[in-house]
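Single-structure report; data block below.
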Protein chains: 4
Amino acid sequence: MPDAGTNRRRADAARNIAALLDAASAAFVQAGVEAPVRDIAARAGVGVGTIYRHFPTRADLVVAVYRHQVDALAASADVLLGSATSPSAALDAWIDGFVDFLVTKHGLAGALRSGDPGLEALHAYFLDELVPACARILDAARTAGQTTTDVSAYQLMRAVGNLCIGAENDERYDARSVVALLLRGLRYAAP
Amino acid sequence: MPDAGTNRRRADAARNIAALLDAASAAFVQAGVEAPVRDIAARAGVGVGTIYRHFPTRADLVVAVYRHQVDALAASADVLLGSATSPSAALDAWIDGFVDFLVTKHGLAGALRSGDPGLEALHAYFLDELVPACARILDAARTAGQTTTDVSAYQLMRAVGNLCIGAENDERYDARSVVALLLRGLRYAAP
Amino acid sequence: MPDAGTNRRRADAARNIAALLDAASAAFVQAGVEAPVRDIAARAGVGVGTIYRHFPTRADLVVAVYRHQVDALAASADVLLGSATSPSAALDAWIDGFVDFLVTKHGLAGALRSGDPGLEALHAYFLDELVPACARILDAARTAGQTTTDVSAYQLMRAVGNLCIGAENDERYDARSVVALLLRGLRYAAP
Amino acid sequence: MPDAGTNRRRADAARNIAALLDAASAAFVQAGVEAPVRDIAARAGVGVGTIYRHFPTRADLVVAVYRHQVDALAASADVLLGSATSPSAALDAWIDGFVDFLVTKHGLAGALRSGDPGLEALHAYFLDELVPACARILDAARTAGQTTTDVSAYQLMRAVGNLCIGAENDERYDARSVVALLLRGLRYAAP
DNA sequence: GATGAATGAGCTTTCATTCAT
DNA sequence: GATGAATGAAAGCTCATTCAT
């Protein structure tokens with residue numbers, strides 16, 4: 001049973017972690033997920049060492065920052081399958097949520113594709129969570145005859161993720177339009 | 001003949017430039033278009049100063065590396081419109097060539113979206129060359145009633161470009177499949 | 001007492017800063033105030049980053065190196081006005097101290113005139129501190145009728161500063177002699 | 001007896017040298033005597049190699065650029081001694097001409113004191129020419145009882161040269177005023 | 001003789017990461 | 001546990017100088 005000092009310490013650590021996640025989230029929006037470690041530490045009002053203690057690699061930090069939203073998105077798949085008028089509509093809605101997530105988090109989509117080996121773990125986490133969710137909807141749509149595509153859930157997610165890259169800074173490019181095109185193509189896939 | 005010396009010298013310089021373009025091309029494949037200047041110089045067996053002499057900015061170098069292929073692609077638009085069985089088929093073929101280009105040049109698609117201001121000139125060059133070419137085919141397809149989409153040539157190219165990002169390192173992701181999906185969606189655009 | 005760690009750390013940093021100031025001082029003597037950052041760091045046995053941390057610009061470092069002496073010189077003006085037999089004698093003594101300072105710090109006088117924009121701050125600091133001090137003595141001398149010159153304190157300091165340039169490397173040139181000449185001219189200014 | 005080709009070549013070379021001196025002179029005014037070799041070559045419309053052929057060291061070039069004026073100044077000493085109303089007036093006039101020279105040639109005074117070993121030859125040339133000239137006037141003044149100073153011609157020239165450093169860029173500093181002060185001090189030197 | 005392409009040392013600056021306190 | 005000073009590898013860029021043509 002931990003004594004009071006330990007509890008105090010743990011409470012402090014928890015507060016630090018929370019501050020860190022907030023700071024990192026803000027920094028990622030403004031400067032991308034490659035934001036300098038120092039900047040994040042400064043925003044959070046902690047030393048850089050504290051970041052390294054709690055999040056040894058950058059990927060650990062990024063994963064932590066987006067974990068909640070990723071989990072919510074994964075969970076929403078089954079909800080949508082239950083509530084939407086059709087599997088196809090559920091897919092549209094779910095992808096819409098995915099685009100929301102990526103477009104809001106400036107630079108996240110790009111970071112996932114940056115090729116930086118240090119971000120591999122991040123990549124893996126996203127895939128592990130989201131691909132199965134997407135696959136469930138896709139299978140339902142296939143079973144319902146609403147698509148004949150053989151494109152995998154993984155491929156679909158990668159495609160949508162890619163389409164969102166750079167969408168924040170470019171007024172002439174609307175990620176949603178082209179994602180809609182892609183989904184239409186999915187519905188009318190070759191017999 | 002006073003030009004002899006000049007020409008001879010130019011021949012040497014030309015050889016260096018060629019070596020540089022080869023080296024840069026290789027470096028771009030392995031390390032992306034942000035490959036360190038020093039590394040490129042070393043590969044080419046020249047000093048860094050030589051790079052700066054011929055290509056003052058990184059964009060100059062990247063443009064030079066890809067210029068031929070970009071020009072050829074731009075020129076192929078009209079050829080395809082004349083030879084293909086339909087504007088729609090011409091579009092498919094042209095986009096196919098575009099995908100070829102991007103997938104082969106590892107990291108180029110990503111670089112075009114890196115947001116680095118120093119690569120703006122590069123971005124502009126690609127757009128200036130390719131968007132009009134794409135627009136001509138898209139217009140022909142529209143006139144022929146083979147698509148009703150209002151997606152701009154710019155958006156289409158950006159979308160295809162994005163879909164190609166990271167395709168070379170990922171066995172589970174096939175850019176051509178999803179590009180095909182996108183083009184199918186284009187054909188069956190909302191009435 | 002939570003400050004212990006902080007203080008201890010500060011003691012270390014202070015030692016580094018001191019080493020840095022010593023090293024910079026020595027480097028300035030040998031290679032001028034434009035001495036390479038690397039060299040200074042090496043002399044001090046620290047990494048270059050440490051210099052940038054404590055002294056973001058070169059001017060910051062130079063100012064720090066000479067701050068004490070500049071401050072002491074500025075403060076000595078009033079002391080001398082109180083203790084010397086006349087304002088004129090005070091001026092002689094103060095200028096003597098100024099020459100001491102400049103001649104000892106090899107290359108400083110030259111650096112102040114190098115025109116390097118990065119050294120502007122340094123220049124400003126020296127002027128802000130010393131010109132008012134000099135002006136007080138000059139005014140006192142004028143009030144006492146010991147000079148009728150209309151040369152400003154700024155001009156006088158610039159002149160003396162210039163006269164000290166290069167004095168340390170030249171056996172045939174004695175800055176004090178010519179400064180004495182200048183001060184004599186000041187006393188016997190045109191009737 | 002040189003053949004026509006040789007003459008042609010010599011004529012070309014002479015033209016190049018002239019262009020080079022003009023270009024260097026202009027460059028020195030704008031960027032100081034440390035102006036980049038390339039810039040000077042470009043101004044002159046020649047290759048950098050041509051500069052190195054004719055002026056192996058920077059000092060050679062600087063000396064060549066100012067040789068005419070230095071010679072004229074040296075020669076003017078005896079003229080002034082003959083024409084001026086007194087040796088003292090001749091000294092004033094000669095120093096005035098020296099100041100003219102230094103203040104017009106931006107940065108020259110500073111360059112002479114830069115400590116750059118490559119400029120030693122330059123320094124020597126100036127001294128060899130001008131110190132004897134100055135000494136002749138100074139001796140005459142001494143003989144006429146118009147000064148009792150024991151300051152050497154070398155020291156006087158160095159002092160005046162120093163007083164001119166940086167005078168071009170500083171509205172608050174007037175080299176002539178302080179040079180006048182120095183000369184006044186010279187006249188009223190201690191008995 | 002002239003050219004200017006090439007070289008590469010040398011400088012500044014940034015930042016991820018470590019570790020003494 | 002937390003801190004942030006220190007480190008030093010990396011990278012970009014600039015010229016003075018050489019030398020093949």
Side-chain angles (χ1 to χ4, degrees), chain A residues 5-6 8-10 12-13 16-17 34-39 41-42 45-54 56-58 118, chain B residues 2 4-17 20 34-39 41-42 44-54 56-58 118, chain C residues 2 4-17 20 34-39 41-42 44-54 56-58 118, chain D residues 5-6 8-10 12-13 16-17 34-39 41-42 45-54 56-58 118:
Chain A
T6 303
R8 180 87 52 90
R9 191 156 291 173
R10 280 193 185 153
D12 285 1
N16 269 340
I17 290 175
E34 304 280 16
V37 176
R38 265 187 170 62
D39 291 359
V46 305
V48 290
T50 306
I51 293 191
Y52 281 95
R53 166 170 294 271
H54 294 300
T57 74
R58 181 177 291 269
Chain B
T6 303
N7 283 336
R8 189 78 62 86
R9 164 58 61 181
R10 275 192 188 149
D12 279 14
R15 216 173 309 135
N16 261 336
I17 289 176
L20 228 24
E34 304 280 17
V37 176
R38 267 184 172 69
D39 291 358
V46 304
V48 290
T50 304
I51 293 190
Y52 282 99
R53 163 174 291 271
H54 294 301
T57 74
R58 182 175 292 270
Chain C
T6 303
N7 283 336
R8 191 77 65 85
R9 163 58 62 180
R10 274 189 190 154
D12 280 14
R15 215 172 309 135
N16 261 336
I17 289 175
L20 229 23
E34 304 280 18
V37 176
R38 264 186 172 66
D39 291 358
V46 304
V48 290
T50 305
I51 293 191
Y52 281 97
R53 164 175 289 271
H54 294 301
T57 74
R58 181 175 294 271
Chain D
T6 303
R8 181 86 53 90
R9 191 157 292 172
R10 280 194 184 152
D12 285 2
N16 269 340
I17 290 176
E34 304 280 16
V37 176
R38 265 188 170 63
D39 291 359
V46 305
V48 289
T50 305
I51 293 190
Y52 281 95
R53 166 171 294 271
H54 294 301
T57 76
R58 181 176 292 268

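Just so it is clear, the model here is predicted, and its values are computed rather than measured.
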Please report the closest heavy-atom contact between A:R58 and A:A35, naming both atoms and the distance.
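The pair with the smallest heavy-atom distance is NH1-O, 2.9 Å.
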
By the 4.0 Å heavy-atom rule, please label B:V37 as base, sugar-phosphate, or nothing.
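Here B:V37 touches the backbone only, sparing every base.
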
For A:V46, which contact category applies under a 4.0 Å heavy-atom criterion: base, sugar-phosphate, or nothing?
sugar-phosphate

Could you tell me the separation between the [atom1] atom of [X] and the [atom2] atom of [N], rounded to a whole number of Å?
X     : N      : atom1 : atom2 : value
A:Y52 : F:dA6  : OH    : C1'   : 14 Å
C:R38 : F:dA9  : CZ    : P     : 9 Å
A:R58 : E:dA16 : CZ    : P     : 6 Å
B:D39 : F:dA11 : CG    : C1'   : 10 Å
D:E34 : F:dA16 : CD    : P     : 9 Å

Spacing of CG belonging to C:D12 relative to CD1 belonging to C:I17, to within rounding of 0.5 Å:
11.0 Å

Report the distance from atom CG of A:N16 to atom CZ of A:R53, rounding to the nearest 0.5 Å.
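The CZ atom of A:R53 is 11.0 Å from CG of A:N16, to the nearest 0.5 Å.
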
Could you check B:A35 against C:G47 and say which one's nearest nucleotide on DNA chain F is further toward the 5' end?
C:G47

Assign each of B:V48 and A:R53 the nucleotide of DNA chain F bearing its closest heavy atom; nearer the 5' end lies the nucleotide of A:R53

Applying side chain to side chain contact (heavy atoms under 4.5 Å, CB included) to C:V48 and not counting sequence neighbours gives C:V37, C:R38, C:A41

Strand DNA chain E as a dot-bracket string - pairs counted if Watson-Crick or G-U with both distances under 3.5 Å, | where the partner lies in another strand
.||||||||||||||||||||

Report the residue (A:G49 or C:P36) whose heavy-atom-nearest nucleotide on DNA chain E is the more 5′ of the two.
C:P36

Nearest-nucleotide wise, let me know which of A:P56 and B:I17 is further upstream toward the 5' end of DNA chain E.
B:I17

Phosphate-side-chain proximity, D:H54 and E:dG1, N/O vs OP1/OP2 below 4.0 Å:
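No, outside the criterion.
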
Short side-chain N/O contact to F:dA6 OP1/OP2 from C:N16, under 4.0 Å
yes

